[in-house]
Chemist: 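Following this message is one structure expressed as structure tokens.
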Amino acid sequence: MSVKELLWVEKYRPRTLSEVVNQREVVERLKLFVKEKNIPHLLFAGPPGTGKTTVAHALARELYGENYIQHLLELNASDERGIDTIRNKVKEFARSRTAPGIPFKIVLLDESDNMTADAQQALRRLMELYTASTRFILIANYPSKIIDPLQSRCAFFRFVALSREDVVGRLKYIAELENVEYEEEALDAIYDISEGDMRKAINVLQAAASLGKVTVNSVYRAVGLARPREVREMLELALAGKFEEARKALRKLMIEYGLSGEDVVKQMHREVFSSELKIPEEHRVLIADYIGEIHFRITEGSDDDIQLSALLAWLSLLGKRARR
Amino acid sequence: MSVKELLWVEKYRPRTLSEVVNQREVVERLKLFVKEKNIPHLLFAGPPGTGKTTVAHALARELYGENYIQHLLELNASDERGIDTIRNKVKEFARSRTAPGIPFKIVLLDESDNMTADAQQALRRLMELYTASTRFILIANYPSKIIDPLQSRCAFFRFVALSREDVVGRLKYIAELENVEYEEEALDAIYDISEGDMRKAINVLQAAASLGKVTVNSVYRAVGLARPREVREMLELALAGKFEEARKALRKLMIEYGLSGEDVVKQMHREVFSSELKIPEEHRVLIADYIGEIHFRITEGSDDDIQLSALLAWLSLLGKRARR
Amino acid sequence: MSVKELLWVEKYRPRTLSEVVNQREVVERLKLFVKEKNIPHLLFAGPPGTGKTTVAHALARELYGENYIQHLLELNASDERGIDTIRNKVKEFARSRTAPGIPFKIVLLDESDNMTADAQQALRRLMELYTASTRFILIANYPSKIIDPLQSRCAFFRFVALSREDVVGRLKYIAELENVEYEEEALDAIYDISEGDMRKAINVLQAAASLGKVTVNSVYRAVGLARPREVREMLELALAGKFEEARKALRKLMIEYGLSGEDVVKQMHREVFSSELKIPEEHRVLIADYIGEIHFRITEGSDDDIQLSALLAWLSLLGKRARR
Amino acid sequence: MSVKELLWVEKYRPRTLSEVVNQREVVERLKLFVKEKNIPHLLFAGPPGTGKTTVAHALARELYGENYIQHLLELNASDERGIDTIRNKVKEFARSRTAPGIPFKIVLLDESDNMTADAQQALRRLMELYTASTRFILIANYPSKIIDPLQSRCAFFRFVALSREDVVGRLKYIAELENVEYEEEALDAIYDISEGDMRKAINVLQAAASLGKVTVNSVYRAVGLARPREVREMLELALAGKFEEARKALRKLMIEYGLSGEDVVKQMHREVFSSELKIPEEHRVLIADYIGEIHFRITEGSDDDIQLSALLAWLSLLGKRARR
Amino acid sequence: MKELPWIVKHRPKRVDEVVDQEEAKREIGLWLEAWLKGSPPREKGLLLYGPPGVGKTSLVEAFVKERDLELLELNASDSRRREELERIVGVAAARRPLRKRLMVILMDEVDGIDPRADEGGIEFLASVLERTVNPIIMTANDPWKESLRPLRERSKLVAFRELTEAQVVTLLQSICEKERLKCDKEALGLIARRNRGDARAAINDLQAVAERGEVRLELVEKLVKGREKSLDIWRTLSELFYAEEGWRAKRAVTQSEEDYESLMAWINDNIPKKYKDPEDLYRAYDALARASLMLSRAKATGEWSFLRYVFDLMGPGVALAKKGEVSKERFSFPERIRAMAETKSMREVREELAALLAKRLLTSKATVKTEVLPYLFVIFRQGSPEAAAKLTLGYPFSSEMLKLLAGARASEIAALAEKLRGTKGEGRREEKRERRGLDKFLM
């Protein structure tokens, strides 16, 4: 068994367009291209884990057959250092032979929204230069970061975030094939953590499964996150003015779960907006504003413990004032 | 069908001055130059997509015939246009042969307002020295960025933004030829996004059409922008103290339109000074300042969601204070 | 005597997995790998000084024997300048010969959570490229800072913080072998300072021992920390409204002990939460909040003296208001 | 006796280790190194004016003799721009010849705690690279600002603040050799002002002596003259609402006295806490806090003149409100 | 030569064909006369400045032609690096005129010499101005740029005035006659007005609208829109400080011809001129300070989209700070920029002094500046002159450093030092070196 097959995200990756269960609209239109054996330049945009790269590979496979990889140059815009490397690689690749029956090869450019505007300009000229023998598939999270002249040279496909059903369904499918025991709520927790990112969801499933039965607990342990309830309790303690106890809870989160200050702030932020935390609306507002400040300070390198203590302190002041 | 023709903006580009439907006065005047077979240095100024480059090419075509490109040196913003290149390339081109019957060649400087002041300085005397054998056409979005000494060396033509009728009319024309279904309001939305930029309008039309029927929704989705009205509504919700609803609106913007945190911040900023947002003038400054702060935090790597929540929270606090 | 032997942290470093007294779970699982003479890529995560690097070396020794160092490439992600250096070193290393009987070499990447997301992406590709001949051990303090695709390629091991007993026990063991006289409380003080970081604890012990008998006093002197009492006195002076005297105490801390502003803030922060500082609970809270602000400014590079004076001035105002 | 005169800090600088009267512990340990004609990398830490640089030079002189300066590269981290300059200088220096009998040269790096953590990392590699032919002496005020990997590569020497006896004794010694008349209390006053900084103490002595007999009065006069009077005036003018005049004073300080924005802020800060500025206690706190904020912005790189103008504007607003 | 643009075709050939600029003509004439008489004027360079299109270059060419001189011209289309200038101008400036035929070296558009692309150009030109044997004439639109200071200081400045509308109309009429055009006078007036005194631009527009032998008002109205004039600094300031709505203030700062950094300096110095109420003053400064912070962030992160907030804050932020009246006091040039320029050499001397002492005292320049220099000032300005004089002998202070340290007492101390040296001579050779600094003072 190869290392690749050890990874479920690889093992269960769809091979053909038909196997792609989501993004139906996109897939239908692409199938038309396959039928014509011709494609324009393409731009695939959408959140991470919605299948953009998978679809691109599946498309290439359907065009060229199993050995499609010879006719596909895969580049990662944020890896390759600058447009010059890209230019050289494309140049060389464009010279290579084309498949019989299909007079063009495909250049797949991942994370192309990470390129600077200047590099994108250069890319545009590159696309024009090799347009006879190559087609580009640009992959991006945020289409707004692709400059207009590039967008206007590509057929545009938007990939949408996956629904809870899609993700949970897929996880169940995998879990059963892999003989993994699981709690239903655990899969829900995985969806919450993955935010519609299928790749992340499958990875979390695999990590949790490696710890034994997949439970809410093992899921949070696997991703190195605290359980929402514990974070909420810390918040409640602080708001109840029990500052010392809140700080103890904080310590526990950081040491036991190995959470960084940033992790804690993010999780607190999530809990502030959960309906299970019963606080007045205006408090949520105040807290949201202050959490922004604290998170920024931490990203700038200030001490986690000091900043989180400041946050808890502030919360307990807020709570006290409210009780008056 | 070549890939270029797959792009409507190329496919429907006017070839001759007569085909240019807008900028009638400019075109009339240019036709006279063609008749006299003489032109002064020209400066075409006006917003993007008003046909400046198209007109310049059409003019050259009418002067030199279909192979006009031999007598035209086109320098784009994406080309190296430092002071040295300008000196060298122009000098070399000026020395090359002229067309029979027309004793001058044309140097077309696209986006010349993007040239550094130094490079522009280098142009000043070049324009005089080589005036016998070359004419310059400077194209600029912002003529104020062209240094005065250059402006004063050119006959100045202002291209005006296209009217809603012009753009929508053209879009309808194309949509019908391409068999695209559309809602009337969608074409209006395209006009709003394009801000009178015909090229952009046609590109958006094509992108939206690739998603199926052209609707307001598909238009905004295609460009990866939120609808300004929605952004404004989010701002208004926040300022009205409806923090939770504002946050919901935010989520929707980010997920539905695939906006990054930076996109949202930038779109919010755009609305701050708009006359449609009815708030006291001094609040505008406060809001812009805080948006700037949040934008900074996001670029420093702080979390999008946390920072945007903080921004909305702050807005709702501001609104509350104002209402008191 | 080599320089290395001079450092107790080297001298008393466990050589084999069996010598590692903590992290039992981790060790047991690793022993299984040794038996199979095969390992997947590994990710060791946990607080500093919990033995991650030590365990990695012990593992390598058990696999390759005493000369394991030939088959181990040790890199520090925050040293090596960018992913390119890493790439080159790994490339070269991968070409070198493997040990008889074990078809892979080990790349040990310390502080890998200090790499940018982009560099981690590049690392991922590197791991795939050389997967046949190398295994990576990634070491990180915070697993949440390792991007998903990397996490999902590694077997995950969590190292937990060491208990007071673990640390003090080890210190005693060393002290006795080195014939160092010590007070019991001094070892406790070392544990407090080290916060469960064994490496730091041993270094402090050695530094204090070099000054003679290990006492609480010599411990604080060795680490260049003020004794908690003096920090507390400064706080009390400030809160009593004796600003000038508090400032003198601050000067003394900074000049005599050579504390930096950050040191002082951190120690103040610690004292604020100690039960020995008798102040109303709500003051603790207020102070904790303001200390957060001051610490942030100092980490951003602002002047220590200015910021700390502002803090003391604020404290004396707080004290004054409270007395009214 | 020569008519030429030097600054006394230079004239009475100890040339040999034996002449160093304080820091006995340090000196004794260093003498051992001299005897062995070998030193490890050294880290000298302690408050300003405690003789760190002096001792380093004396050490070098004892190793290499009077022409030691050929074998010593002296760099100042706050003058040298960035690690690259340092790297190049060290590289070149390492290539130069070593002294007969001593196989290494010395690099003296003053104010090394002013280097960023990244630069210190780079420095560490530099030390490793040239360890065969060079030894580094790092000089720092705050050892805690030296990163661990550097500290652990150096033998650590802590320089303690000088006692009143040490300083007064030295001053007397100099005063007698220079035939300066003095009052005993004047020397005490100098010690108080100098805060244990020998360099400063000697400078004050020399300045006071140039005014005639050294009395408490002349000491304070010298110190007062050395400190620009404009700082307090500026503060007073601003608080009196005379913004434009205050700003004139500010400009004089920055332009004529050549103070940086940071210097001005620091001096204002000093004045705010001096008893000679008559303002309510609460204002001191408010001003100290705002000064902290302004200082923070200046260190972030924003224009110091604008930031200080804002500070003055704020002060004049404060003054106005107080007068009501 | 029908195909030549009119601005070339109708370029003035004789001095009297250049419209107006009588004062400039007189000054240039006198200056050239001096050269021709073989007694070059004290300033060997002439710096002609004024707005574009008023005839600076044309006038020089006309003079050259009329007096039958040689002309060497270099302009912004030529590389003007030090090496190139050495080769061309350096040689020309040193060459004695052949057969008494003087050669005029015309350095056109010196404000276009790029500090980077034309590295060393200005410095070299400045040095040539000291020793040239041929007249050097330079032109510039903006002679006040800091980078031009070395040229400005070594040249005679001659101002060219903006042309009046009437003058431009007259000029256009004369061209109409030559081109046999029937010209509507009102149309010419409109062209002149829309080009605000720029004759060359007006001629261009004239050519653009001339059709079928006539120039009609109707067409001018349609076609001649007026070149985009960015707001000059005075207009920017008044539109900014009097703006009542945010968007107006924003327009004022975004359309200013001043770059945002110097604009910020202008606003910084003019806020107290316009806002007298401390509340307004503080609000305005707070906004400006935030703008400056944002700008530093834009620079530090390379994220130039932050500039929008810089503009928001220094535009609307400053404008909307006012609740009270806007004072009638006039706007003024930023004091700080002027003062910094004036004190540049003094500041350089201080740096050198700090470097010298840092080496001797084994410390950093920063420490010297804050911990040592203040006491030296006390000794040199307030202390006994003898102590100061002795220190002067102990360190190789230059005369400028001594002046900086001692102020008004500099020559007294220098004289005293010299006397002390005379009484007790030792180390002669060493002293010789040190003397140089002192001698300058005693001369």
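None of the values given here were measured: they were computed from a predicted structure. Note on naming: letters A, B, ... go to the chains in the order of the sequence lines (proteins, then strands), and numbering restarts at 1 for each one. FYI, side chains are in, hydrogens and waters are out, and symmetry mates aren't considered; it's all heavy atoms of this structure.
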Chemist: Do D/Glu178 and D/Lys11 pass the salt bridge (Lys or Arg N to Asp or Glu O under 4.0 Å) test, and can you show the C-alpha distance, the side-chain angles, and the key distance before you say yes or no?
Modeler: CA-CA 11 Å; D/Glu178 293 287 341; D/Lys11 191 169 173 186; 2.6 Å; yes
Chemist: If I measure from the heavy atoms of chain D, does E/Thr370 come under 4.5 Å with its side chain, its backbone, both, or neither?
Modeler: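 Contact with chain D: side chain only.
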Chemist: Which one, D/Glu300, D/Glu244, D/Arg251, D/Arg221, leads in non-hydrogen pairs under 4.5 Å with chain E?
Modeler: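 Sorted descending by pairs with chain E, the first entry is D/Arg251.
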Chemist: Could you look at E/Leu295 and say if it's the side chain, the backbone, both or neither that has a heavy atom under 4.5 Å from chain D?
Modeler: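 For E/Leu295, neither part sits under 4.5 Å from chain D.
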Chemist: Heavy-atom distances under 4.5 Å only: say whether E/Arg336 touches chain D with side chain, backbone, both or neither.
Modeler: both
Chemist: Need one label for E/Asp277: side chain, backbone, both or neither, based on atoms under 4.5 Å from any heavy atom in chain D.
Modeler: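 Just its side chain gets close to chain D.
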Chemist: Given that the side chain runs from C-beta out, which part of D/Leu7 has a heavy atom under 4.5 Å from chain E: side chain, backbone, both or neither?
Modeler: both
Chemist: Show, in sequence, the C-alpha distance, side-chain angles and deciding distance for D/His295 and D/Glu262, and conclude whether the side chain to side chain contact (heavy atoms under 4.5 Å, CB included) test is met.
Modeler: CA-CA 7 Å; D/His295 186 270; D/Glu262 238 190 293; 3.2 Å; yes
Chemist: Does any heavy atom of chain D fall under 4.5 Å from the side chain of E/Arg360, the backbone, both, or neither of them?
Modeler: both
Chemist: Checking D/Asp110 against chain E: side chain, backbone, both or neither under 4.5 Å from a heavy atom?
Modeler: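 Side chain only.
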Chemist: Go through the steps for E/Glu418 and E/Arg421 under the test salt bridge (Lys or Arg N to Asp or Glu O under 4.0 Å), then give the verdict.
Modeler: CA-CA 5 Å; E/Glu418 195 56 19; E/Arg421 191 206 312 277; 3.6 Å; yes
Chemist: Please flag which part of D/Asp304 lies under 4.5 Å from any non-hydrogen atom of chain E: side chain, backbone, both or neither.
Modeler: side chain
Chemist: For chain D, find which of E/Arg381, E/Arg347, E/Met346, E/Glu386 contributes the most heavy-atom pairs closer than 4.5 angstrom.
Modeler: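 Among E/Arg381, E/Arg347, E/Met346, E/Glu386, the one with the most close pairs to chain D is E/Met346.
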Chemist: Given heavy-atom pairs under 4.5 angstrom as the criterion, report whether the side chain, backbone, both or neither of E/Lys359 touches chain D.
Modeler: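 It is neither, since no heavy atom gets under 4.5 Å.
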Chemist: Within a 6.0 Å radius of atom CD on E/Glu329, are there more than 12 heavy atoms belonging to other residues, nucleotides or ligands?
Modeler: yes
Chemist: Identify which part of E/Thr363 has an atom lying under 4.5 Å from any heavy atom of chain D, answering side chain, backbone, both or neither.
Modeler: both
Chemist: Run through E/Phe241, E/Phe333, E/Tyr260, E/Phe331 and flag the one making a ring-ring contact (aromatic ring centres under 6.0 Å, His included) with E/Trp266.
Modeler: E/Phe333
Chemist: Count the heavy atoms belonging to other residues, nucleotides or ligands that lie under 6.0 Å from NZ of E/Lys273, then report whether that count exceeds 12.
Modeler: yes
Chemist: Hey, mind stepping through D/Leu308 and D/Leu311 against side chain to side chain contact (heavy atoms under 4.5 Å, CB included) and telling me if it holds?
Modeler: CA-CA 5 Å; D/Leu308 286 166; D/Leu311 174 53; 4.0 Å; yes
Chemist: Looking at D/Arg297, D/Lys200, D/Lys266, D/Glu111, which has the largest count of heavy-atom pairs under 4.5 Å with chain E?
Modeler: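 Result: the option with the highest number of such pairs is D/Arg297.
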Chemist: Under a 4.0 Å N-O cut-off, is there an ion pair linking D/Glu19 with D/Arg61?
Modeler: no
Chemist: Measure D/Gln206 against the heavy atoms of chain E and call it side chain, backbone, both or neither at under 4.5 Å.
Modeler: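 Interface part for D/Gln206: both.
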Chemist: Name the option with the most non-hydrogen atom pairs under 4.5 Å to chain D; the candidates are E/Ala387, E/Ser292, E/Ala284.
Modeler: E/Ser292
Chemist: Answer yes or no: is there an ion pair linking E/Asp280 with E/Arg283, defined by an N-O contact shorter than 4.0 Å?
Modeler: yes
Chemist: Pick one of side chain, backbone, both or neither for E/Tyr375, based on which atoms fall under 4.5 Å of a heavy atom in chain D.
Modeler: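 Answer is both: backbone and side chain atoms of E/Tyr375 are under 4.5 Å from chain D.
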Chemist: Please classify the contact between E/Leu376 and chain D as side chain, backbone, both or neither, with a heavy-atom cut-off of under 4.5 Å.
Modeler: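 Answer is side chain: those atoms of E/Leu376 sit under 4.5 Å from chain D.
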Chemist: Would you check if there is a donor-acceptor pair between the side chains of D/Ser302 and D/Gln307 at a distance under 3.5 Å?
Modeler: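 Yes - a donor-acceptor pair under 3.5 Å links their side chains.
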Chemist: Between E/Leu357 and chain D, which part of the residue has a heavy atom less than 4.5 Å away: side chain, backbone, both or neither?
Modeler: side chain
Chemist: I'd like to know which of E/Ile271, E/Asp269, E/Leu373 tops the heavy-atom pair count under 4.5 Å against chain D.
Modeler: E/Asp269
Chemist: Begin from the C-alpha positions of D/Asp305 and D/Ser309 and carry the test side chain to side chain contact (heavy atoms under 4.5 Å, CB included) through to its verdict.
Modeler: CA-CA 6 Å; D/Asp305 188 65; D/Ser309 297; 4.2 Å; yes
Chemist: When the ring planes of D/Tyr12 and D/Trp8 are compared, do they come out parallel, tilted or perpendicular, using 30° and 60° as the limits?
Modeler: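 D/Tyr12 and D/Trp8: perpendicular rings.
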Chemist: With chain D, which of E/Ala389, E/Ser296, E/Ala287 has the greatest number of heavy-atom pairs at distances under 4.5 Å?
Modeler: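 Answer, by heavy-atom pair count under 4.5 Å with chain D: E/Ser296.
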